[in-house]
Asks: 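Pasting a structure below so you can have a look.
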Amino acid sequence: MNIIIGVSWPFANGELHIGHAASSLPGDVIARYHRLKGNNVILVSGTDCHGTPTEVKALKENKSPKEIVDECHVSFDKDFEDFGISFDLYNRTDDEYHKKFVQEQFVKYYNNGYLEEKEEEQLYCEHCKLFLADRYIIGICPKCGSEIKGDECEKCGSLLTIDEVKETKCSICGSKTSYKINKNLYFKLSNFQNDIKFLLESKRNLWRENAVNFTERYLNEGIPDRCASRTLNYGIDIPIEGFKDKKLYGWFENVWGYVTASKKYAENNNLNWEDFWKNTGNNKIYLIHAKDNIPFHSVIFPSLLLATNDNYKLPDKIVSDEYITIEGEKLSKSKGNYITLRHLLDNYPVDSIRYYFSINNPETRDFNFTYEGFINSINGELLGKWGNFVNRTLQFINKSFDGKLINLKINETLENKLKELYDVVGKDIDNGDTKDGLSKIFDFINYSNKYFDENEPWKLAKEATNKCEEILYNCCNIILNINNLLKPYFIETTKRVEGYLNVNIVEWSYNRLSSVSLSKEINPLFIRYDKSVIEEERKLLNK
Ligand SMILES: [Zn+2]
Ligand SMILES: [Zn+2]
């Protein structure tokens, strides 16, 4: 089967934070699982280079937008790589290949009547030479007279339209704004109301509940047409006469990045991109993102695909996570309640980060990241349960049996349970429920520790060596298979465990260990963290 997994594209604005870590990881877990299953996988994402946040950051730092984008792209790429997100291509939206493709789609829409001209008055800053989106406007609330940002008054709670706001100024430079006539092209999204309704009905059981609910609400309100052109300095040129001074709106071009990145990858690797993206009956498309991105993936992207009339397959799985909070508070860079992915990567083993984010993946409710929870999960679950099971089994064999076992009698009950585990964990991951899969693996690890404890092999080592070997052999067989089941989640310890066992498995299926001959040097998979780390880390927050 051919599988596309698209992880949402981070804006070129600052550093990757733990929200990006949480929302990209399920995509990688799903990709690694399908590769082990022998499917053809293309996992893509990239840097979203165009948009007001990037231009504002450039203005503030006195740099060009391209400089900002280049810096961000290099750091995003490196962070994702170190986090083990196994992108086949991590692209960027200022890539020429991407630009050319989306411009072609735009011309197609124009010729097919999906784009409509509209003239409207918009707030403009003469100094910045920008038409200002609402969130870049400061002014006075007409109801209570306090200063407000955008169209919502925090003081009296009034929701206003931007025309009601008094004494409007540009929030970037502080200059007074003026109205200026702006001519734009609108994409007729409303034409696709029925198609999206039909899509939702056909995928109701495959999409996350939040995606279903959000899309339903959107449909009930009626899908509005959407402005596709912007007056920005940095972006993709609109290839239509009369609009050549304008750029494509970010929402229009960035979702196309899934197609352009995977098409580019396919062409460079002798694959046919249409086997992945068109209706072939043998492909699957996953889109992975946080819930604020739902409408772009459940409504806008499918409409853009349909409007081409090119037989595109629409997304099968919308894996839209809830939010992440830190120590009970909203992520906020300005308030200092903010943790970069780089900070975690520089201070903790990558598998411990991947574990904590996966086991808490916000599938149905928000995930509250706490350092106490994180450190406890390393000491308790990773070191105390999995690390301990591996370590005590393998050390025992090295100490008492010189690393080799002769009695390889399989326990069929254990074997059947392991076989079953491949099915249930596989189903969870395939379904996008990566957290459930991991928690089932750890349930089995608990069960395995109990098996070890109840059989008390340490009492059998001298007088009943045959029985002792049998138990240890079955523990090794558990280690081999649990380690294999953990491969979508872990990227470092899994390699070490295979090294200890002298095996190398590259398939998602039960394997019976045919001999036991361990490596001489076995090191603990995880190290214990002192609890004082929790306080030290908390002090770094809110600064
Ligand atoms: Zn007010
Ligand atoms: Zn300004």
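First listed ligand is number 1; within each ligand, the first listed atom is number 1. FYI, side chains are in, hydrogens and waters are out, and symmetry mates aren't considered; it's all heavy atoms of this structure. The first residue in the sequence is number 1, and the count goes up from there. Since the structure is predicted, the reported quantities are computational estimates derived from the model, not experimental observations.
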Asks: List-wise, which protein N, O or S atoms are found short of 2.8 Å from the Zn ion (ligand 1)?
Replies: Cys141 SG, Cys144 SG, Cys153 SG, Cys156 SG
Asks: Side chain to side chain donor-acceptor pair (under 3.5 Å) with Asn112: which residues, sequence neighbours excluded?
Replies: none
Asks: Do you see a donor-acceptor pair shorter than 3.5 Å between the side chains of Ser75 and Arg342?
Replies: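 Result is no, nothing qualifies.
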Asks: Begin with the C-alpha distance, continue with both residues' side-chain angles, and end with the deciding distance and a verdict on side-chain hydrogen bond (donor to acceptor under 3.5 Å, both in side chains) for Tyr97 and Lys263.
Replies: CA-CA 10 Å; Tyr97 187 94; Lys263 185 170 183 278; 3.3 Å; yes
Asks: Less than 4.0 Å between a side-chain N and a carboxylate O, is that true for Arg204 and Glu201?
Replies: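 Between Arg204 and Glu201 there is a salt bridge, with a charged N closer than 4.0 Å to a carboxylate O.
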Asks: Around atom CD of Glu167, are there more than 12 heavy atoms of other residues, nucleotides or ligands at under 6.0 Å?
Replies: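 Atom CD in Glu167 is not crowded, with 12 or fewer foreign heavy atoms closer than 6.0 Å.
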Asks: Between Tyr258 and His297 (judged by ring centroids, cut-off 6.0 Å), do the two rings come close enough to count as a pair?
Replies: yes
Asks: For the Zn ion (ligand 2), check which protein N, O or S atoms are under 2.8 Å away and list them.
Replies: Cys125 SG, Cys128 SG, Cys170 SG, Cys173 SG
Asks: Ring pair (Phe, Tyr, Trp, His ring centres under 6.0 Å): which pairs involve residues 163-188, sequence neighbours left out?
Replies: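 Output for this query lists Tyr109-Phe187.
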Asks: What I want to check is whether the side chains of Asn368 and Thr325 have a donor and an acceptor closer together than 3.5 Å.
Replies: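 Present: a donor and an acceptor within the cut-off.
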Asks: Would you say Asp48 and Asn254 are linked by a side-chain donor-acceptor pair, where the criterion is simply a distance under 3.5 Å?
Replies: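 Present: a donor and an acceptor within the cut-off.
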